[in-house]
Amino acid sequence: MKKLRIDKILANLGYGTRSSIKKEMKKGVVTVNDKVVKDSSTLIDPEKDELYYKDLLIEYQEYIYLVMNKPAGIISATEDYNQETVVDILIPEDQARDPFPVGRLDIDTEGLLLLTNDGKFAHKISSPKSEIPKTYFVKTKEKIEEKLIKKFKKGIYLINEDITTKPAELEILSDHTAHLTIYEGKFHQVKRMFEYTGNEVLFLKRIKIGAFSLPEDLEPGEYKEMDLEDLEKEIGI
């Protein structure tokens, strides 16, 4: 790992702003390898150097990986002047590490959302070339006809954009509910696919990314941190 400024490390972990940490460090509250350090711009290697802040051992991780059950009414963005975002509902310590949503879910769509500050990981998940399957639970206004299984498997032609969606897998659960797995992420794709067949989506929830399912113990608005290796293994990348 490259060397980082002490104030950046502490600020990223939510111990204050860089300016407040600078003031605190002048009081001698930081030690590196048992030596007091008062200069907040001092560079250290978080993996090799032993950093203490106010007698607390600091364990620094460069990247954060969060799994959220996104509630309806929250937008998938880092900031917005009018709407609450998925970042707004994180605790300050996690907000301080600048995570961003991987891909997006519409404001009224619920379910599985990943947040991270690791650009390479995010690209693996969201790149169209990856074709990672994403599965949704869908509730519709009209009855879901059996013939839609073949239609979705062939791809739905979206006339407004003059494109055909990639083959999708539809599993009908009841007259008005189904699981739909898609391999791309076009704007409002699931809703528009049903709309072009004359049906309306009333409720939409993402339940799976790759082979990774939304944890059952996460209520809407709740999230948890995961290890990168475990997350990649479960997703299948």
Side-chain angles (χ1 to χ4, degrees), residues 65-90 94-95 99-117 121-128 130-142 144 148 151-152 155-174 176-210 212-216 218-224 235:
Y65 306 91
L66 304 176
V67 176
M68 175 184 287
N69 184 354
K70 177 194 168 299
I74 305 292
I75 66 172
S76 300
T78 54
E79 60 182 0
D80 189 271
Y81 293 111
N82 301 311
Q83 297 284 345
E84 189 175 27
T85 74
V86 291
V87 172
D88 291 332
I89 64 176
L90 302 179
D94 291 332
Q95 289 180 0
F100 54 87
V102 180
R104 58 166 291 155
L105 292 177
D106 300 335
I107 188 170
D108 57 352
T109 299
E110 301 181 9
L112 179 57
L113 182 68
L114 305 177
L115 296 97
T116 186
N117 56 359
F121 171 75
H123 182 71
K124 282 184 183 180
I125 302 297
S126 58
S127 173
S130 299
E131 295 189 346
I132 295 175
K134 298 174 180 66
T135 303
Y136 295 79
F137 171 79
V138 186
K139 183 176 181 180
T140 62
K141 184 176 182 179
E142 308 296 337
I144 303 173
L148 288 188
K151 281 190 175 183
F152 282 2
I156 299 296
Y157 177 63
L158 304 178
I159 190 170
N160 289 349
E161 297 180 42
D162 192 27
I163 58 173
T164 300
T165 63
K166 292 179 179 178
E169 299 158 12
L170 179 68
E171 177 191 0
I172 299 176
L173 305 175
S174 70
H176 297 272
T177 62
H179 286 160
L180 179 64
T181 300
I182 61 176
Y183 294 81
E184 55 194 335
K186 300 185 185 304
F187 185 66
H188 293 316
Q189 181 172 340
V190 173
K191 295 176 182 177
R192 288 192 296 151
M193 288 175 71
F194 277 94
E195 179 184 335
Y196 275 82
T197 65
N199 209 336
E200 179 184 353
V201 172
L202 300 178
F203 177 78
L204 187 61
K205 180 177 183 177
R206 183 158 67 191
I207 58 174
K208 214 172 194 182
I209 296 177
F212 179 61
S213 297
L214 176 67
E216 294 182 0
L218 286 184
E219 296 294 329
E222 293 184 341
Y223 68 94
K224 66 178 181 179
I235 292 174

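These values consider heavy atoms only, across backbone and side chains, with no hydrogens, waters or symmetry-generated copies. Throughout, numbering of the chain's residues begins at 1 and tracks the sequence.
Judged as a ring-ring contact (aromatic ring centres under 6.0 Å, His included), and not counting sequence neighbours, Phe137 has no contacts. Partners of Gln95 according to the side chain to side chain contact (heavy atoms under 4.5 Å, CB included) rule, which considers only residues two or more places apart in sequence or in another chain, are Val87, Leu90.
A distance of 8.5 Å separates NZ in Lys139 from OG in Ser174, rounded to the nearest 0.5 Å. Once rounded to the nearest 0.5 Å, the distance linking CD1 of Ile207 with CG of Leu214 reads 8.5 Å. Leu113 contributes atom CG, which lies 11.5 Å from atom CD1 of Ile74 (distance to the nearest 0.5 angstrom). Taking CG from Asn117 and CG from Leu66, the interatomic distance works out to 8.5 Å, rounded to the nearest 0.5 Å. Here the CE atom belonging to Met193 is positioned 9.0 Å from the CG atom belonging to Leu148, to the nearest 0.5 angstrom. One distance of note links CG of Asp106 with OG of Ser76; it measures 8.0 Å at 0.5 Å rounding.
With a 4.5 Å cut-off on side-chain heavy atoms, Thr116 and Leu114 do not count as touching. Counting heavy atoms from C-beta on, the side chains of Asn69 and Glu222 never come closer than 4.5 Å. Put simply, the side chain of Thr78 does not reach to within 4.5 Å of the side chain of Thr85, judged on heavy atoms. The closest side-chain heavy-atom distance from Lys124 to Ile235 is not below 4.5 Å. The closest side-chain heavy-atom distance from Ile163 to Lys186 is below 4.5 Å. Side-chain contact between Met68 and Ile89 is present, with at least one heavy-atom pair separated by less than 4.5 Å. Between Lys208 and His179, the closest side-chain pair of non-hydrogen atoms is not below 4.5 Å. Within the 4.5 Å cutoff, side-chain heavy atoms of Leu170 are placed close to those of Phe194.
Between the side chain of Ser130 and the backbone N or O of Ile125, no donor-acceptor pair lies under 3.5 Å. At least one donor-acceptor pair under 3.5 Å links the side chain of Lys70 to the backbone N or O of Thr109. Formation of a donor-acceptor pair under 3.5 Å by the His176 side chain with backbone atoms of Glu142 is found in this model. No donor-acceptor distance shorter than 3.5 angstrom exists from the side chain of Glu110 to the backbone of Pro220, with no hydrogens or angles considered. Side-chain atoms of Arg206 come within 3.5 Å of backbone N or O of Leu112 as a donor-acceptor pair.
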- Task: Apply the test side-chain contact (heavy atoms from CB on, under 4.5 Å) to residues Tyr136 and Leu105: give CA-CA distance (whole Å), side-chain angles for both, the deciding distance (0.1 Å), then the verdict.
- Result: CA-CA 11 Å; Tyr136 295 79; Leu105 292 177; 4.1 Å; yes
- Assess whether side-chain contact (heavy atoms from CB on, under 4.5 Å) is satisfied between Asp94 and Tyr223, documenting all intermediate values. CA-CA 11 Å; Asp94 291 332; Tyr223 68 94; 2.7 Å; yes
- Before giving the answer on side-chain contact (heavy atoms from CB on, under 4.5 Å), spell out for Asp108 and Leu204 the whole-Å C-alpha distance, their side-chain angles and the decisive distance to 0.1 Å. CA-CA 8 Å; Asp108 57 352; Leu204 187 61; over 6 Å; no
- Determine, step by step, whether Leu180 and Phe152 satisfy the side-chain contact (heavy atoms from CB on, under 4.5 Å) criterion, reporting the C-alpha distance in whole Å, the side-chain angles of both residues, the deciding distance to 0.1 Å, and the verdict. CA-CA 9 Å; Leu180 179 64; Phe152 282 2; 3.5 Å; yes
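More than 12 heavy-atom neighbours from other residues, nucleotides or ligands sit within 6.0 angstrom of NZ on Lys166. Within a 6.0 Å radius of NE2 in His123, other residues, nucleotides and ligands contribute 12 heavy atoms or fewer.
Closest of all the heavy-atom pairs between Pro71 and Gly221 is CD-N, 3.6 Å. Minimum interatomic distance between Pro215 and Lys224 (heavy atoms only, all atoms of both residues): CG-CE, 3.8 Å. In this structure, Pro167 and Tyr183 approach most closely via the heavy-atom pair O-CD1, 3.5 Å.
Checked options Asp162, Thr165, Thr164; the residue passing with Tyr157 is Asp162 (criterion: side chain to side chain donor-acceptor pair (under 3.5 Å)).
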